[in-house]
Amino acid sequence: MAADTRPVAVTSSPTAGLTDSYGRVIHDLRVSITDRCNYKCVYCRTGEFGAQYPELAIDEYLRLIGLFVDLGITKVRLTGGEPLLRRSLLNLIQELAGLQTLSGAPLDLALTTNGHLLEGLASPLKAAGLNRVTVSMDAVDAAVFERITRVPGSSAAVLKGIRAARSAGLTPLKINCVLLRGFNDDQIEAFAHFAREEDVVVRYIEFMPLEEGRLWTPEIVVPLREIVERIGRVLPLVELPPRDPGETARRYTFFDGVGEIGIIAPVSQPFCGACSRVRLTSDGKIRTCLFSQVEHDLYGRMRAGASDVELRDYIFRTVQGKEARHHIGEPGFLKPTRSMVHIGG
Ligand code: SAM
């Protein structure tokens with residue numbers, strides 16, 4: 001991947017929030033704080049836990065995130081790799097909880113985790129100022145789950161983590177389930193029951209070509225239409241209206257109004273036109289799309305001594321270049337060289 005090494009051109013500092021060249025308002029920043037993970041999910045990793053990229057110091061993430069917030073970011077999601085592996089995570093959250101958005105409100109602070117270490121960390125995370133967590137869980141059945149994570153005991157650990165997060169008030173609690181035909185598509189119905197029984201919002205996600213290896217094919221993707229049909233056969237669904245235009249999930253409740261599921265369908269029903277996201281990798285590169293072919297070296301500029309004004313200007317101009325959309329499934333589609341675990345999902 002070509003890193004963008006153009007020199008910073010200093011222009012006047014932007015003041016009116018972050019809007020890209022297609023008029024999309026960018027208010028959601030995803031920050032990877034490590035690309036290490038303690039799971040080796042078969043659809044994500046080739047079999048290693050290890051990192052490929054360096055991590056920044058906590059105060060460096062804080063400075064960079066603060067610049068995005070100055071420009072109009074209102075929601076920060078910490079991710080990885082596995083963010084709960086990161087030392088000083090609680091300090092980072094405490095500091096982020098003290099930041100204010102342009103309108104003077106506190107940041108909306110969320111975290112995505114595999115949940116393995118959540119049982120012990122849920123209450124401290126809440127106390128530090130985290131609002132919500134999303135836990136990734138790709139099967140209800142313990143044996144299927146552990147075949148995916150390749151970690152014995154992972155199913156029980158994640159279940160305990162989910163329950164601890166709910167008790168700690170890290171709610172609404174979302175569970176992300178990436179579906180792959182032939183791996184875990186037999187879990188679709190079980191997850192619908194799980195959503196109702198555990199009082200969590202289960203979000204089924206279409207598998208994207210972002211794995212370390214070469215597993216993705218159009219046939220392995222379980223599309224939204226099929227998920228809706230299959231759940232509807234056992235528990236009739238009622239579609240819910242979107243809460244905001246940038247919402248990525250199509251939301252549904254059940255026939256009796258008890259429980260909620262969501263379906264995120266980037267492959268069969270892309271939502272790029274409403275994308276409000278930008279990403280910062282664990283080594284301080286800006287990615288304007290999961291499928292970007294170019295990264296923008298914000299950290300390199302900071303290390304070279306750029307001022308806050310210069311860095312904000314660089315972020316602003318980088319966001320202007322955000323891609324219109326991804327090209328999954330089109331002829332000539334190129335996978336990014338960084339896979340999901342190293343970008344930050
Ligand atoms: N370790 C944390 C976790 O497990 O949630 C955060 C990082 S993980 C990369 C973030 C999310 O990306 C997980 O829900 C994971 O299932 C999802 N993911 C990984 N590879 C994916 C792919 N190729 N397509 C869609 N989602 C993917």
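Nothing fancy with the numbering, it's 1 onward along the sequence. In each ligand, atom 1 is the first atom listed, and ligand 1 is the first ligand listed.
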Problem - salt_bridge(Arg63, Asp59) N-O dist < 4.0 Å - result: no
Handout entry: N or O contact, Glu206 vs ligand 1, cut-off under 3.5 Å
Key = no
Handout entry: N/O donor-acceptor pair under 3.5 Å between His326 side chain and Pro266 backbone
Key = yes
Taking distance alone, no hydrogens or angles, what donor-acceptor pairs closer than 3.5 Å link side-chain atoms of residues 268-276 to residues at least two apart or in another chain?
{"residue": "Ser268", "atom": "OG", "partner": "Glu206", "partner atom": "OE2", "Å": "2.6"}
{"residue": "Gln269", "atom": "OE1", "partner": "Arg250", "partner atom": "NH1", "Å": "2.5"}

Exercise for the section: Write out the residue and atom name of the closest protein heavy atom to atom 11 (C) of ligand 1, then the distance separating them to 0.1 Å. Expected result: Ser136 OG, 4.2 Å
Exercise for the section: Measure the distance from atom 23 (N) of ligand 1 to every protein heavy atom, then report the residue, atom name and distance (to 0.1 Å) of the closest one. Expected result: Met208 O, 2.8 Å
Completion exercise
Nearest non-hydrogen protein atom to atom 27 (C) of ligand 1, with distance, is Met340 CE, 3.7 Å
Practice task
Spell out, as yes or no, whether a donor-acceptor pair under 3.5 Å connects the side chain of Thr171 to the backbone of Leu173.
Solution key: no
Problem - Atoms of ligand 1 close to Phe207 [distance to a heavy atom under 4.0 angstrom, numbered from 1] - result: 22 (C), 23 (N), 24 (N)
Practice task
Pick one of side chain, backbone, both or neither for how Asn114 approaches ligand 1, counting any non-hydrogen atom pair under 4.0 Å.
Solution key: both
Exercise for the section: Keeping the roles fixed (side chain from Asp35, backbone from Tyr53), state whether a donor-acceptor pair exists under 3.5 Å. Expected result: yes
Handout entry: Taking atom 16 (O) of ligand 1 as the reference point, the nearest protein heavy atom with its distance
Key = Tyr43 OH, 2.6 Å
Handout entry: Ser282 versus Glu55, side-chain donor and acceptor atoms under 3.5 Å
Key = no
Problem - Per-atom contacts of ligand 1 with Thr113, taking only distances under 4.0 Å to non-hydrogen atoms - result: 2 (C), 3 (C), 4 (O), 5 (O)
Exercise for the section: Below 4.0 angstrom from a heavy atom of Asn176, which ligand 1 atoms are there? Numbered from 1 as shown, please. Expected result: 14 (O)
Handout entry: Closest protein heavy atom to atom 8 (S) of ligand 1, given as residue, atom name and distance to 0.1 Å
Key = Gly80 O, 4.4 Å
Handout entry: Salt bridge Glu260-Arg251, side-chain N to carboxylate O under 4.0 Å
Key = yes
Handout entry: Protein residue, atom and distance nearest to atom 26 (N) of ligand 1, heavy-atom basis
Key = Val178 CG2, 3.5 Å
Exercise for the section: Identify the protein heavy atom lying closest to atom 6 (C) of ligand 1, giving its residue, its atom name and the separation to 0.1 Å. Expected result: Gly81 O, 3.2 Å
Handout entry: Test item: Asp138 side-chain N/O and Val178 main-chain N/O as donor-acceptor pair under 3.5 Å
Key = yes
Exercise for the section: Examine the side chains of Thr281 and Arg287 and answer whether a donor and an acceptor come within less than 3.5 Å of each other. Expected result: no
Problem - Which of the ligand 1 atoms, numbered from 1, are nearer than 4.0 Å to a heavy atom of Thr79 - result: 6 (C), 7 (C)
